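Throughout, protein chains are lettered first and strands after them, A, B, ... in sequence-line order, and every chain is numbered starting at 1. For clarity, every value in this text was computed on a predicted model and none was experimentally measured. Both backbone and side-chain heavy atoms feed into the values below; hydrogens, waters and symmetry mates do not.
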2 protein chains.
Amino acid sequence: MNDESPPAAPRLGEIGLTNYAPYLMNRIMGRYNASLREEMAQLGLSTPKMRALAVLSVIEGPLIRELAIYAVVEQSTLSRALDQLQADGLIRRETDAEDSRATRVFITEAGRASFETLWPHMAAAQDRMFRGIPDTEKRAFVGTLQKMLANIRKHEI
Amino acid sequence: MNDESPPAAPRLGEIGLTNYAPYLMNRIMGRYNASLREEMAQLGLSTPKMRALAVLSVIEGPLIRELAIYAVVEQSTLSRALDQLQADGLIRRETDAEDSRATRVFITEAGRASFETLWPHMAAAQDRMFRGIPDTEKRAFVGTLQKMLANIRKHEI
DNA sequence: CAGATTTAAATGCATTTGCAAATATCATCG
DNA sequence: CGATGATATTTGCAAATGCATTTAAATCTG
């Protein structure tokens with residue numbers, strides 16, 4: 001009798017929106033991103049520009065295609081975001097020494113300063129998200145996120 | 001001596017990108033959304049259209065502004081996504097009985113069918129995200145997400 | 001080593017997005 | 001009840017986005 005088809009995924013209606021993790025995550029991130037929009041606008045930053053600066057504040061001189069992955073921004077979108085950041089003196093591009101097709105990106109002092117202005121708001125937004133959640137729970141949550149990132153990261157850096 | 005300024009947020013560099021929850025979540029959701037793009041394209045769905053259908057498959061006849069919140073889509077963007085879904089016969093709009101300014105949105109049978117085609121891919125994408133993560137851990141994770149949603153939801157529905 | 005293939009980044013272009021304003025209706029207050 | 005302000009949705013428009021293509025340089029292959 002072992003002739004059953006593979007078990008069908010339970011319907012979304014059965015799980016309920018609020019038990020479907022990607023829904024919850026999209027919803028939470030939507031709010032997080034929205035809550036930063038005003039501060040970013042004040043600094044003349046869009047989401048792609050902010051993300052690029054955030055990554056560059058931590059990672060020294062990545063290639064543009066690496067930065068696109070870290071910052072979760074389409075390469076062509078990033079290319080134009082970098083144009084603007086460069087025009088504003090917040091980053092500079094440098095042709096890679098070993099591969100002259102490739103370009104490395106560096107944050108400038110002005111870029112670092114700009115990001116330092118934004119960072120407290122980002123930290124506060126995170127704190128709001130985790131308000132009332134014990135530290136152990138938060139740590140476990142971040143641990144799970146790291147496993148998830150490893151899962152989806154098969155062909156990425 | 002109690003004259004210190006409030007503790008500054010640790011720098012992103014100190015936390016590290018991979019300990020900053022919003023970064024991890026954005027990165028994971030970026031991949032999740034990308035992994036569905038192809039299936040959606042096949043069905044002629046954009047992200048806003050897909051999200052609207054997903055919510056409508058679970059919630060019966062919400063107002064457009066409610067749908068915008070549930071689906072995490074800007075209202076004006078949603079308005080146009082609904083135009084397209086309606087043109088394709090996947091949803092229909094109905095003026096609210098008590099308030100003729102307001103519009104309720106209903107999924108049609110065709111819309112439900114379209115979403116049913118997409119759903120297995122969404123379920124599979126979630127499974128990939130949680131690959132190798134024990135069920136208790138997943139449940140705890142979703143529990144934390146629900147608390148986080150409650151936190152950011154102060155002024156929402 | 002020449003030609004073909006792959007890779008990195010930038011760009012052309014049609015579509016999408018989101019802000020602000022417009023439109024339509026409802027609620028409130030004197 | 002009429003005027004004023006609030007609310008729901010749509011729409012105009014400039015800017016941003018993403019796909020596909022181009023350009024340039026590296027790598028592979030026979």
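The shortest distance between the side-chain N/O atoms of A/Thr77 and the OP1/OP2 oxygens of D/dG18 is below 4.0 Å. Dashed line: the shortest gap from a side-chain N or O of B/Gln75 to OP1 or OP2 of D/dT9 is under 4.0 Å. Checking the phosphate oxygens (OP1, OP2) of D/dT9, no side-chain nitrogen or oxygen of B/Arg93 falls inside 4.0 Å.
For the pair A/Asp96 CG and D/dA24 C1', the interatomic distance rounds to 15 Å; values are reported in whole Å. Between A/Leu78 atom CG and D/dC19 atom P the separation is 15 Å, expressed in whole Å. Rounded to whole Å, atom P of D/dG18 lies 17 Å from atom CD of B/Glu38. Taking atom CG of A/Leu67 as the reference point, atom P of C/dA8 lies 14 Å away to the nearest angstrom. We find that CG of A/Asp99 is positioned 10 Å from P of D/dA25, with the value rounded to whole Å. Distance B/Arg51 CZ to C/dT16 P: 16 Å, rounded to the nearest Å.
Among the nucleotides D/dC19, D/dA8, D/dC13, the one closest to the side chain of B/Arg80 is D/dC13. Among the nucleotides D/dT9, C/dA10, C/dA9, the one closest to any side-chain atom of A/Ala102 is C/dA9. When the nucleotides D/dG18, C/dT17, D/dT10 are ranked by their closest atom to the side chain of A/Glu74, D/dG18 comes out on top. Nearest to the side-chain atoms of A/Arg37 among the listed nucleotides D/dT11, C/dC19, D/dT17 stands C/dC19.
Proximity of a side-chain donor or acceptor of B/Tyr23 to a complementary backbone N or O of A/Tyr70 within less than 3.5 Å is detected. Between the side chain of A/Lys49 and the backbone N or O of A/Met40, no donor-acceptor pair lies under 3.5 Å. Proximity of a side-chain donor or acceptor of B/Gln126 to a complementary backbone N or O of A/Tyr20 within less than 3.5 Å is not detected.
Nearest-nucleotide positions on DNA chain C place A/Arg101 closer to the 5' end than the other of A/Arg101 and A/Ser76.
Transitive grouping of hydrophobic side chains (ILVMFWY, heavy atoms separated by less than 4.5 Å) keeps A/Val72 and B/Leu17 in distinct clusters.
Contact record, B/Ala81 with B/Pro48: CB-CB, 4.2 Å, taken as the closest heavy-atom pair.
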